[in-house]
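Working notes for the structure below.
Because the structure is a prediction, the values reported are computed rather than measured.
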Amino acid sequence: MSAAITSFGASNASRAAAIDPDWDIYKKQFLLPEGRIVDNGNNNVSHSEGQGYGLFFASTFNDKESFESILSWTKDNLKHKDGNLHSWRWVPAMPHVTDTNNASDGDLMIAWALRRAAILWAREDYAEQAQAIVQELGRKCVRKIGSRLVLLPGARGFDRLKGVTVNLSYYNIPALVRAARLDPAGPWNSLIDGGQQLVQSSRFGLWGLPPDWLMIDRKSERLTPASGFPPRFSYDAIRIPLYLKWGNRMPATLSQALYAVSQNYTMNGLPGWIDVKTGERSNYNAPPGFRAVYQFALNGPDALPKLPSVKESGDYYSASLTLQARIAAMEMV
């Protein structure tokens, strides 16, 4: 397993030694003493995704105490008793976990954070845990649909008779790159290529934007916004350009679409969602985290001085996007 622990860059290690003010703000707002990351915009629930974000931030900024606290809570409350994946949601009321299905984005982020912590703190056991998550994720959440190899959002409920529903924001390119290093025989490089191709082919409506949820027809492989979800570029899809740019996989077509949207809404503010069929926009503006993603996706590391602070975000998700965009820009310098 030692081969899985390889350097992620001297610049990362040197940055990790510094105390980061945005991470400090994030912890005060969203991290409880027991290690639970709170989604204050969603009835104070917690997600495997949010626990993954917390672990990733703590390992990036060399905060070992917070990392251990978050990891302990995650294992005690979300980790499957009979495996290495995690239930996707925990609610404050009993029973805390009513759906044991996993979320691929959360498991990927947890594995990435564990691998980063393994390198930073020379913890072979963290690397082994990361590898176990990735390998089980490959077995349970990767499917061949026609000519496409796809990442399911969870092990259950997305692979149906007529086709599969995918969430392109779950294709976290940097995390998938690390998954490939942890599991060289796994499907991860093919998923990276396939995810980029799906984004390039999933351009709808006036702006040519991908939706939050996408349906792939099993026979024809036709791509359409998934039924049962609003056909929007919104809360989920905003992470698509974040992870593509971070992983140096941003298609020119998506950059052009984001630029057009940003230019069109310069005066009135970026929308919280855009209907990919009709072009209708939300009657409210996007939170600061969305703005951070746009700036990073369009400007890369040059966006760093212009990115909003975490303190501008009143909710967990916006703050998480902001801090990810900052880290991504830092890592590309």
Q. Are a donor atom and an acceptor atom from the side chains of Gln129 and Lys75 found within less than 3.5 Å of each other?
A. yes
**Q.** Gap between atom CE of Met109 and atom OG of Ser320 - 0.5 Å precision
**A.** 9.0 Å
Q) With the threshold set at 4.0 Å, does a side-chain nitrogen-carboxylate oxygen contact exist between Glu49 and Arg239? A) yes
Q) If two hydrophobic side chains count as joined below 4.5 Å and joins carry through other members, does Phe30 share a cluster with Trp73? A) no
Q: With Glu331 as reference, evaluate Lys245, Arg116, Arg326 under the salt bridge (Lys or Arg N to Asp or Glu O under 4.0 Å) test and give the passing residue.
A: Arg116
Q) So, for Ser318 and Ser313, which heavy atoms are closest and what is the spacing to 0.1 Å? A) OG-OG, 2.6 Å
Q.
To check you understand the geometry: which heavy-atom pair defines the closest contact between Trp207 and Ile274, and what is its length?
A. CD1-CG2, 3.7 Å
Q.
Run the side chain to side chain contact (heavy atoms under 4.5 Å, CB included) test against Ser147 and tell me which residues pass, sequence neighbours left out.
A. Glu221
(Q) With a 4.5 Å cut-off on side-chain heavy-atom distances among I, L, V, M, F, W and Y, is there a chain of contacts connecting Ile327 to Ile37? (A) yes
Q: To the nearest 0.5 Å, tell me how far Phe57 CZ sits from Trp23 CH2.
A: 7.0 Å
Q.
What I want to find out is whether Asp217 reaches Lys219 closely enough, with some N-O distance under 4.0 Å, to be called a salt bridge.
A. no
Q.
Nearest 0.5 angstrom please: Tyr26 OH to Thr322 OG1, how far?
A. 10.0 Å
Q | Distance (rounded to the nearest 0.5 Å) between Tyr243 OH and Gln324 CD | A | 3.5 Å
Q: With the side chain counted from C-beta on, respond yes when Leu321 and Phe290 share a heavy-atom pair under 4.5 Å apart, and no when they do not.
A: yes
Acceptor/donor pairs from residues 250-265 side chains to any protein atom, 3.5 angstrom cut, sequence neighbours excluded:
| residue | atom | partner | partner atom | Å |
| --- | --- | --- | --- | --- |
| Ser262 | OG | Leu258 | O | 3.3 |
| Ser262 | OG | Tyr259 | O | 2.8 |

Q) Is any NZ, NE, NH1 or NH2 atom of the basic residue among Asp22 and Lys311 found under 4.0 Å from an Asp or Glu carboxylate oxygen of the other? A) no
Q | Residues Arg89 and Asp39 bridged, charged N to O under 4.0 Å | A | no
Q.
Minimum heavy-atom separation for Gly154 and Asn101, please, with both atom names.
A. C-OD1, 4.1 Å
Q: With sequence neighbours excluded, tell me which residues meet side chain to side chain donor-acceptor pair (under 3.5 Å) with Asp159.
A: Arg143, Arg218
Q: Pick out which of Phe233, Phe229, Tyr235 makes a ring-ring contact (aromatic ring centres under 6.0 Å, His included) with Trp213.
A: Phe229
Q. Are Trp188 and Leu198 co-members of a hydrophobic cluster defined by side-chain heavy atoms under 4.5 Å apart?
A. yes
Q) Roughly how far, to the nearest 0.5 Å, is the CG atom of Leu176 from the OG atom of Ser190? A) 11.0 Å
Q. Rounded to the nearest 0.5 Å, what separation is found between the CD1 atom of Ile240 and the OH atom of Tyr170?
A. 11.5 Å
Q: Decide whether Ile216 and Leu191 are clustered together by the hydrophobic rule: side chain heavy atoms of Ile, Leu, Val, Met, Phe, Trp, Tyr closer than 4.5 Å, transitively.
A: yes
**Q.** Leu223 to Arg148 - nearest heavy-atom pair and separation
**A.** CD1-NH2, 4.1 Å
